[in-house]
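The next block holds one structure in the form of structure tokens; read it before the comments.
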Amino acid sequence: MATTRVVASTMKVAQISKPGGDFELVEREVPKPAMGQVRIKVQACGICHSDALTKEGALPGIQYPRVPGHEVVGHIDEVGAGVSAWTLGQRVGVGWHGGQDNTCLSCRRGDFRNCRNVKIPGISYDGGYQQYMLAPVEALAAVPESLNAAEAAPLLCAGITTFNALRHSGAMPSDLVAVQGIGGLGHLGIQFANKFGYKVAAIGRGSENAPVAKKLGAHVYIDSKATNAAEELQKLGGAQVILATAPNSKAMSELINGLGPNGKLMVVGATFDPIEVTPPQLIFGNHTIQGWAAGTPTDSEDTLRFAELTGVRPMIETYPLEQANEGYARMMSGKAQFRVVLTM
Ligand SMILES: [Zn+2]
Ligand SMILES: [Zn+2]
């Protein structure tokens with residue numbers, strides 16, 4: 001049976017016109033995909049703390065007006081020239097990795113994550129806070145139809161970051177793995193760590209997050225306000241890995257003494273404050289501090305497949321695109337439980 005596709009000629013967009021400005025809801029013409037691009041009819045886009053880079057103009061070279069958003073889920077509704085591996089109607093997502101140049105030394109080594117000219121949706125080009133988005137094929141991840149769009153969206157940044165960091169951390173099943181911070185990243189990190197078969201210690205400030213941490217799969221809850229979290233980890237034998245998700249460098253510094261032999265502090269929460277450590281803290285016990293940035297679209301597909309298999313899902317609060325300002329403010333308040341997602 002033949003079906004007719006109806007594509008609107010204009011679309012709603014939530015854009016930032018200048019650094020520090022609010023979101024403006026404007027109408028734009030629906031764009032045409034260029035060579036090597038597809039157009040996505042967006043279903044949902046997560047609001048990530050990194051969207052502040054675009055909103056506040058914290059990175060040099062961002063061209064305004066700009067549409068933020070790098071946790072995008074939708075369906076391909078038009079395919080540009082030269083695109084063979086992706087089809088009309090296919091469910092796709094776009095995360096932090098928005099494309100590579102395929103020519104720099106890292107790319108020639110197959111290390112696309114570290115491309116010298118890596119593109120980021122919502123920063124290098126318009127992201128997902130809009131009804132239709134253009135994306136290069138290098139940015140596309142296939143998204144299973146079984147996943148709810150608003151729940152899949154945060155898996156493309158908060159999810160892949162914690163999933164990928166943990167699976168590359170060297171921790172083995174039954175190892176003690178601590179997740180510092182019970183927020184947008186941490187609440188997914190706890191779930192992944194549980195499903196990976198680790199003994200999971202969740203570290204939060206105050207006792208109020210204990211019930212939700214346990215519900216998400218933490219075996220132990222450590223209140224870093226009431227106790228010395230590093231000492232508590234040592235009582236449990238020392239952590240093989242501490243996944244540091246809360247953007248608080250002082251709190252991360254205080255946890256280093258909680259590492260067990262050959263233990264690793266895996267840093268994914270970002271502020272510009274220094275982490276403090278003395279050489280003996282690293283030397284005695286062979287300790288490591290490592291950073292981790294999200295991953296490539298195939299890493300996103302692994303994350304989504306794992307979530308589909310195991311039931312890992314973000315806890316979300318949704319806002320319609322028209323309320324981008326309210327949704328963003330809710331995310332920035334730190335009070336959201338735990339990711340905010342825009343629906344189109
Ligand atoms: Zn993000
Ligand atoms: Zn490159």
Side-chain angles (χ1 to χ4, degrees), residues 14 16 36 42 44-56 58-59 62 66-73 93-129 133 135-139 141 143 150-165 181 183-189 192 243-247 267-272 291-300 303-304 307 314-317 319 324 327-328 330-332 334 336 338-342:
I16 297 292
V42 180
C45 182
I47 298 181
C48 180
H49 195 270
S50 302
D51 295 339
L53 296 172
T54 300
K55 186 164 183 307
E56 305 305 332
L59 286 182
I62 299 180
R66 182 57 83 222
V67 180
H70 57 265
E71 293 185 347
V72 191
V73 172
V94 176
W96 180 257
H97 184 97
Q100 69 273 359
D101 63 5
N102 290 316
T103 56
C104 75
L105 189 58
S106 291
C107 284
R108 289 169 58 216
R109 287 179 169 144
D111 184 11
F112 303 125
R113 208 160 65 93
N114 288 313
C115 175
R116 296 297 294 255
N117 299 300
V118 72
K119 289 194 169 66
I120 303 159
I123 293 176
S124 315
Y125 54 86
D126 285 339
Y129 288 31
M133 173 189 168
V137 289
E138 291 86 2
V143 178
E151 288 182 339
L155 294 173
L156 296 163
C157 182
I160 182 182
T161 297
T162 48
F163 173 84
N164 230 9
L185 290 167
H187 90 289
L188 285 162
F192 286 127
L243 181 69
T245 74
V267 178
V268 294
T271 67
F272 291 97
W292 193 272
T296 60
T298 53
D299 292 319
S300 283
T303 308
L304 293 162
M315 291 168 67
I316 57 170
E317 298 178 5
Y319 286 75
Y328 181 84
R330 178 69 177 162
M331 180 280 296
M332 288 302 283
F338 284 100
R339 290 299 272 194
V340 180
V341 181
L342 294 175

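Computed from heavy atoms alone, side chains included, the values below leave out hydrogens, waters and symmetry copies. Start at 1 and go down the list; that is how both ligands and their atoms are numbered. When a residue number appears, it is its place in the shown sequence, counting from 1.
- A salt bridge does not link Lys119 with Glu138: every distance from a Lys NZ or Arg NE/NH1/NH2 to an Asp or Glu carboxylate oxygen is 4.0 Å or more.
- One finds the OG1 atom of Thr161 at 9.5 Å from the CG atom of Leu243 (value rounded to the nearest 0.5 Å).
- Counting heavy atoms from C-beta outward, Trp96 and Ile123 have side chains that approach closer than 4.5 Å.
- Contact annotation: the side chain of His49 never approaches that of Pro247 to less than 4.5 Å [non-hydrogen atoms, C-beta and beyond].
- In this structure, a donor-acceptor pair under 3.5 Å is absent between the side chains of Asp51 and Thr54.
- Nearby protein atoms of type N, O or S around the Zn ion (ligand 1) amount to 3 (distance under 2.8 Å).
- Qualifying ring-ring contact (aromatic ring centres under 6.0 Å, His included) partners for Tyr328, counting only residues two or more places apart in sequence or in other chains: Phe23.
- Between the side chain of Arg116 and the main chain of Asp101, no donor-acceptor pair closer than 3.5 Å is present.
- Residue-and-atom listing of protein N/O/S atoms under 2.8 Å from the Zn ion (ligand 2), sorted by chain and number: Asp101 OD1, Cys104 SG, Cys107 SG, Cys115 SG.
- In this structure, the side chain of Asn114 does not engage the main chain of Ser106 through any donor-acceptor pair within 3.5 Å.
- In this structure His97 satisfies the ring-ring contact (aromatic ring centres under 6.0 Å, His included) test with no other residue, sequence neighbours excluded.
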